[in-house]
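Side chains are part of it too, since the values below use all heavy atoms of this structure and drop only hydrogens, waters and symmetry mates. Model, not experiment: these values are computed from the prediction. We count residues from 1, following the sequence as given.
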Amino acid sequence: MAIDKVLLEVLNNHFTGLVEEMGYVIHRAAFTVFIKETWDFDAALVTPEGEIFSYPRNIGVTNMLGMDMGAAIEAVGPLEPGDVVVTNDPLSTLGMCTHLPDIMLFKPLFHDGKLLCFAWCFIHSSDVGGLVPGSIAPTAFDRYQEGICIKPAKLFRRGELNRELLDLILTNCRIPEQNWGDMKALIAALTTCERRMAQLSGRYGYDTLRDGMNALLDYGEERARAVLEAVPDGRYAFSDYVEVDYVSPYHQRIKVELTVSGGAVHLDFSGTDPQVRAAINLPSFGRPNQWIVLGIVNFLRTSDRDLPLNRGILRSVTVDVPEGSLLNPSPVAATGVRHVTGYRVSDAVLGALSQAVPDRIPAAGAGQVAIVLFSHLDPASGNYKVSVLQPMQGGCGGRPTKDGIDGVNFSAGSLRNVPTESIELEAPVFVQRYMLADAVAAGEYRGGAGVVLEFRCLAADAIVTARGMDRTKLRPYGRKGGDPGTLGDAIVNPDGDHPRHIGKIDILKLEAGDVVRIISPGGGGYGDPRARDPGAVQRDVANGFVMEAQEWETYGSGAPDFVFGAERIAYEAALPSVLQDMFARLLREHAASVRQYLRTRVYRAVRGDPALAALSGDALEAALRRLIEQALVSPMQRTSLPDAAD
């Protein structure tokens with residue numbers, strides 16, 4: 001049945017109101033700080049085939065819209081009224097879940113015995129077991145270190161709780177009472193959704209609602225294509241890096257070739273570096289999942305403020321993500337910090353897109369959300385207490401017409417900060433400083449400022465993790481001559497006799513009295529700093545901002561489209577892009593399990609012989625193949641080989 005536009009808009013508003021009501025139920029009923037204060041949760045309505053057809057606008061995280069639930073539906077088998085499915089497994093859901101702390105529940109909704117749709121929701125659990133309290137350590141090297149893995153299974157069967165499954169889940173985490181409290185908030189949201197959908201189906205009927213779902217997806221596709229058709233056809237390439245200095249001196253490059261053709265977009269990540277023995281891998285399974293398409297979703301939402309929020313907007317987007325790469329790793333790879341890679345994917349995609357629509361894309365933002373988590377053994381109970389202190393975002397990049405937003409990253413702006421009073425109530429810490437950083441990137445429109453968090457540990461023994469710290473080595477890029485952003489840092493006992501600059505926090509053990517200062521990156525500037533409005537300069541001075549201006553002499557004549565900063569320039573002088581492109585292609589000839597090893601050995605050799613960086617073409621390929629062959633020779637074989645002189 002055809003749905004007229006008036007009825008379609010009425011249904012869209014009904015569905016949107018319903019999923020947002022689910023979100024408010026989760027928010028008000030949840031137990032953990034990360035849910036009730038920071039809002040790392042969400043809800044949606046999903047078609048029987050697995051496509052999101054309604055997504056909240058005003059509550060919860062904004063980056064799950066690209067999720068596909070089809071594989072999870074197939075994995076659990078036949079479903080009946082009263083069933084509720086739980087999962088957090090990336091493999092069996094083919095990337096619906098992307099790391100183990102995301103506990104997802106979904107429930108089939110029926111009308112007169114016929115499956116109408118699914119209600120879905122999730123929370124980020126503050127602990128699901130694993131290597132460290134909070135479950136996520138950047139240096140974890142496989143999924144088995146990251147906590148309990150739950151394949152899609154029925155937590156409720158026909159309305160009856162599966163106690164054995166629940167006990168198994170809660171026994172394998174450090175905060176069982178809080179986790180069960182959060183899960184009950186999800187169950188309450190699903191129950192609310194079921195009741196509301198029953199009212200809607202009773203009013204409009206099964207056929208009208210099913211037709212409405214499909215029409216909404218088609219309408220989303222139509223509106224998105226209209227936006228993308230205005231983008232000039234062409235191929236646009238860009239690359240950016242995720243830092244992995246806690247396991248390797250060689251940053252993981254994300255390279256994308258974005259092809260636009262008649263309103264269709266293809267993202268090719270063939271030049272992206274291999275998976276790494278750290279927790280930053282992003283399990284996309286070669287699909288256009290929520291993190292891979294985040295930049296496109298943000299561009300569409302910004303370009304069309306009335307765009308219906310459903311997965312139909314992504315029907316014209318295709319991807320190519322090679323197996324064994326950072327964005328499509330093997331099933332055993334650790335993925336706990338996949339969000340920092342997802343944000344860098346967005347930065348790379350928007351960098352490519354900015355070449356097509358140069359006056360609509362801002363400079364790069366901080367590109368991180370470092371979730372600072374504090375844990376200790378409670379002396380009274382002997383059990384762990386685990387609490388998120390802050391989601392440490394950084395500043396946005398300068399925009400084509402405005403300064404960057406201070407203290408908020410574009411792609412994660414939906415996450416709220418935790419009030420200091422809540423932090424000190426939940427954890428034995430004293431917050432000494434929580435403020436904007438002074439240093440910002442210069443530009444006609446300056447970059448947004450990063451954030452400074454400083455706290456004193458009041459527990460005898462404590463562990464702090466800060467998953468997702470990045471941009472401590474390479475700056476967010478500036479645009480149109482704007483300066484690159486500021487770098488992040490972490491310092492232990494910064495005002496003591498022996499301050500320790502540790503850069504990124506992996507697993508930090510503290511004693512009572514220790515002070516930790518964390519500084520998040522600031523966004524890049526946009527436009528020539530010399531063109532900045534004098535009134536804006538006066539406000540910057542009054543607000544205490546200090547511009548980290550770069551040397552304009554290095555720009556030559558005219559302002560460059562991208563300003564990467566001295567750190568990236570030096571890195572790519574030693575490892576030029578042409579060399580990285582060719583090496584990424586050659587690595588695909590080898591098993592995923594050895595690519596990171598080969599990359600480290602070969603790049604070390606290249607850095608030790610600067611002449612190799614000057615090669616190109618066949619000579620470069622021959623040199624890289626020779627280095628790969630040498631790296632594959634075992635130490636024992638190497639000692640028995642004849643010398644080159646022989």
Side-chain angles (χ1 to χ4, degrees), residues 238 240 295 298-299 302-303 343 346-348 350-368 393-413 435-452 471-489 519-570:
F238 196 81
D240 209 336
N298 288 344
F299 174 71
T302 305
S303 301
Y343 294 134
S346 179
D347 289 340
L350 291 177
L353 192 58
S354 67
Q355 299 167 51
V357 285
D359 298 324
R360 295 173 61 188
I361 307 296
Q368 71 151 54
Q393 302 191 45
C396 289
R399 295 168 283 180
T401 59
K402 295 181 180 180
D403 289 346
I405 304 170
D406 298 322
V408 177
N409 192 44
F410 286 125
S411 299
M435 58 184 288
L436 294 176
D438 293 333
V440 293
E444 181 179 1
Y445 301 103
R446 67 167 177 82
V451 176
V452 179
R471 302 288 201 192
T472 66
K473 302 291 185 182
L474 302 179
R475 301 169 186 269
Y477 56 81
R479 290 209 59 231
K480 297 293 184 179
D483 284 345
T486 60
L487 296 174
D489 199 1
I519 306 166
S520 67
Y526 189 102
D528 185 344
R530 295 169 295 190
R532 186 161 178 78
D533 177 70
V537 174
Q538 291 178 351
R539 289 193 298 273
D540 293 334
V541 173
N543 288 324
F545 288 123
V546 178
M547 301 295 169
E548 286 197 344
Q550 303 292 302
E551 292 295 331
W552 273 88
E553 291 75 15
T554 63
Y555 293 168
S557 59
D561 285 340
F562 299 98
V563 183
F564 296 113
E567 298 86 354
R568 176 166 168 174
I569 292 172

Lys/Arg N to Asp/Glu carboxylate O, D561 vs K480, below 4.0 Å: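 Salt bridge between D561 and K480, a charged N being under 4.0 Å from a carboxylate O: yes.
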
Between the side chains of R471 and D347, is the shortest nitrogen-to-carboxylate-oxygen separation below 4.0 Å, so that they form an ion pair?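 Counted as a salt bridge, because a side-chain N and a carboxylate O are separated by less than 4.0 Å.
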
Can you tell me how far apart [atom1] ([X]) and [atom2] ([Y]) are? Round to the nearest 0.5 Å.
X	Y	atom1	atom2	result
R532	D403	CZ	CG	4.0 Å
Y526	R479	OH	CZ	4.5 Å
D528	D483	CG	CG	9.5 Å
D406	F545	CG	CZ	4.5 Å

Is it the case that the side chain of R475 and the backbone of G485 share a donor-acceptor pair, with hydrogens and angles ignored and the cut-off at 3.5 Å?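 Such a contact is found between R475 side chain and G485 backbone.
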
Please check this pair: side chain of S520 against backbone of V451, looking for a donor-acceptor N/O pair closer than 3.5 Å.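 Yes, because the side chain of S520 sits within donor-acceptor range (under 3.5 Å) of the backbone of V451.
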
Taking all atoms of both residues into account, what is the closest heavy-atom pair of [X] and [Y], and its distance?
X	Y	result
G565	P484	CA-CG, 3.7 Å
G522	T486	N-OG1, 2.8 Å
A441	G523	CB-O, 3.4 Å
L487	E567	CD1-OE2, 3.9 Å
C396	V408	SG-O, 2.7 Å

Check the angle between the aromatic planes of Y477 and F562 and answer parallel, tilted or perpendicular using the 30° and 60° thresholds.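 Correct class here is perpendicular.
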
Under 3.5 Å, which donor-acceptor pairs link side chains of residues 352-368 to any protein atom two or more places apart or in another chain?
| from | atom 1 | to | atom 2 | distance (Å) |
| --- | --- | --- | --- | --- |
| S354 | OG | L350 | O | 3.4 |
| S354 | OG | G351 | O | 2.7 |
| Q355 | NE2 | A237 | O | 2.8 |
| Q355 | NE2 | G351 | O | 3.3 |
| R360 | NH2 | S303 | OG | 2.7 |
| Q368 | OE1 | D470 | N | 3.0 |
| Q368 | NE2 | M392 | O | 2.9 |

Who passes side-chain hydrogen bond (donor to acceptor under 3.5 Å, both in side chains) against D489, sequence neighbours left out?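 For D489 the side-chain hydrogen bond (donor to acceptor under 3.5 Å, both in side chains) partners, ignoring immediate neighbours, are H501.
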
Which residues satisfy the side-chain hydrogen bond (donor to acceptor under 3.5 Å, both in side chains) test with R399, sequence neighbours excluded?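 Counting only residues at least two positions away or on another chain, R399 forms no side-chain hydrogen bond (donor to acceptor under 3.5 Å, both in side chains).
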
Go through R446 and V537 one step at a time and tell me if the side chain to side chain contact (heavy atoms under 4.5 Å, CB included) criterion holds. CA-CA 10 Å; R446 67 167 177 82; V537 174; over 6 Å; no

